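Convention: sequence-line order gives letters A, B, ...; per-chain numbering from 1. Predicted model, so just to flag it, every value in this text is computed and none were measured.
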Protein chains: 2
Amino acid sequence: MLKYRDVAKKIQQAIYQQNLPKDTQLPNIEGLINQYQVSRTTIIKALNCLERHGVIYQVQGSGIFVRQLQKRGYLNFLESHGFSVDLNNSPNSSQVFNVDIVQPSSQVKQNLQCEDGEEIYFIKRLRKFEDKIYALERSYYRRKMVGYLNKEIAEHSIFSYIKDILKINIGFSDKYFKAIKLDEQTANYLGLSAGDPALCVEEIFYTSAGEPFDFSTIIYHYDNAKFYVQSNSK
Amino acid sequence: MLKYRDVAKKIQQAIYQQNLPKDTQLPNIEGLINQYQVSRTTIIKALNCLERHGVIYQVQGSGIFVRQLQKRGYLNFLESHGFSVDLNNSPNSSQVFNVDIVQPSSQVKQNLQCEDGEEIYFIKRLRKFEDKIYALERSYYRRKMVGYLNKEIAEHSIFSYIKDILKINIGFSDKYFKAIKLDEQTANYLGLSAGDPALCVEEIFYTSAGEPFDFSTIIYHYDNAKFYVQSNSK
DNA sequence: GAGTGGTCTAGACCACAAC
DNA sequence: TTGTGGTCTAGACCACTCC
């Protein structure tokens, strides 16, 4: 375990366990150095990490404060597919329609940067959260990278399979999104009507080596899926 | 100018000026140290900065590569309101309806963490980009923080006024979003029909000292506004 | 094994905030 | 002025990739 991650985790846990409210001031850096017995730089790295994840904010000349402000019922848009810890793990399941091997369309080829003959897993599934349908997902995975997929894996989490079993490190992602009018077919899956609104997200995930392995189009139910993003200027 | 920002800027400029394609390998860290004459740590800080902004990706044991992949016509969701440089600056204007001082509603009070009697600027404006209407924005600014606002400022950029004239440092933001069905009134502003889809974003902006100064609700035209977000697991 | 990025350290010094 | 976070340095060592 890397020291700075360890320290970050411990600080975060301390905040959550003590249920510290927003704007509570934490010990200063000197204090944290003594508390965790690591160098100044390591503390700072841990703090920057927590700051980027929206847990704290730092004010030069003043102090370190708790940020923490997640509206209930909103999903973390950046971490909705794998990154980092999700603290309020809830019943999350999928109804899987297809797990097929297909040839890539030109759109898929472009997004996954793959060859003409390359085999691609195509998976269509309905995603549920606390018994509510919140999205219809159409995913493409490169077979040469994920090896083997089946319905059972897709019913749970493809991403944990890729991370924990295949030991592939997820590096970064691009997401494109907009509001759309639902077509009849998709509306039926979501239990809505044609013409109803939806959030349409296209995502591409890359390994830490920079190779794309997953391209997905996700249509979110406009009433059951709400998101938040925290960012900072640093 | 901070060294690491300076280095980051120069590396980014080098990439754009030479128009380096995706996955081009950059010089290694040793090379960059020699090129920019700063310490290893400073180079690394600059690189991490660029990585977070989606300009490059780094692969341990392998190298540093160009990332750069912005689909044309998509707005950077995280930087759509102020942060960082926007490279493709385009004609961007606003039609301003109101610049009023009002008492905060309970929703505004909660989001801006303000007192009952506090004076709040309420601004409603239609945002245009290359002559297309792309959003209706309703914003609330705390008067005690922004001092003075008028129609002319709102027609241009309130954020550059706050940053460049008032010298307030923007620290971080929370954004909440979902797809919605347009009501008749908002639809009229956007040139759409009631029931059409839209992307609804609520944002709260904080100074670098952690004080909220702006709460806005923005309704984006579903055909004219598309967004991207780049993120990474580091 | 050679090359490359990532972590960690101790310590000097800078910049901003609050009193 | 004092306290606080932020930057920067030189250098040791670790972890991963690729040949």
*Y4(A) or S208(B): which one's nearest nucleotide on DNA chain C is closer to the 5' end?*
Y4(A)
*How close or far is atom P of dA10(C) from atom NZ of K45(A), stated in whole angstroms?*
16 Å
*Nearest-Å distance, CD1 (I29(B)) to P (dC14(D))?*
18 Å
*Expressed in angstrom and rounded to an integer, what is the separation of Y36(A) atom OH from dT7(C) atom P?*
19 Å
*asked:* Using modelled atom types and a 3.5 Å cut-off, is there a donor and acceptor pairing between side-chain atoms of Q25(B) and backbone atoms of S62(B)?
replied: yes
*Nearest whole angstrom, please: distance from the C1' of dG3(C) to the CD of Q58(B).*
16 Å
*Any salt bridge between E118(A) and R143(A), counting N to O under 4.0 Å?*
no
*Electrostatic pair D174(B):R67(A) at N-O distance under 4.0 angstrom*: yes
*asked:* Would you call the rings of Y141(B) and F159(B) parallel, tilted or perpendicular, taking 30° and 60° as the class edges?
replied: perpendicular
*Pick from F77(A), Y220(A), Y228(A): which one makes a ring pair (Phe, Tyr, Trp, His ring centres under 6.0 Å) with F177(B)?*
F77(A)
*asked:* Quick check on dA17(C): is either OP1 or OP2 less than 4.0 Å from any side-chain nitrogen or oxygen of S62(A)?
replied: no
*OP1, OP2 of dG11(C) versus side-chain N and O of S39(A): anything below 4.0 Å?*
no
*Hey, which of these two, P27(A) or G61(B), hits DNA chain D nearer its 5' end, going by closest nucleotide?*
P27(A)
*Give the rounded distance in Å between these two atoms: CD of Q25(B) and C1' of dT4(C).*
9 Å
_Residue whose closest nucleotide on DNA chain C lies nearer the 5' end, L2(A) versus R40(A)_ = L2(A)
_Distance in angstrom units between L32(B) CG and dG5(C) P, rounded_ = 8 Å
*Through what angle, rounded to 10 degrees, does the axis of the helix from dG1(C)-dC18(D) to dA18(C)-dT1(D) turn between its ends, using five pairs per end?*
20°
*CG of D6(A) versus P of dC8(C): gap in Å, rounded?*
9 Å
*In whole angstrom, give the distance that lies between atom CD1 of I64(A) and atom C1' of dC16(C).*
15 Å
_Nearest-neighbour nucleotide for the Q60(B) side chain, dT7(C), dC16(D), dT9(C) considered_ = dC16(D)
*Could you tell me whether T42(A) contacts a base, only the sugar-phosphate backbone, or nothing, with contacts defined as non-hydrogen atoms closer than 4.0 Å?*
sugar-phosphate
*Side-chain touch F213(B)/I170(B), heavy atoms, less than 4.5 angstrom*: yes
_Heavy-atom count check: over 12 atoms from other residues, nucleotides or ligands less than 6.0 Å from Q110(B) CD?_
no
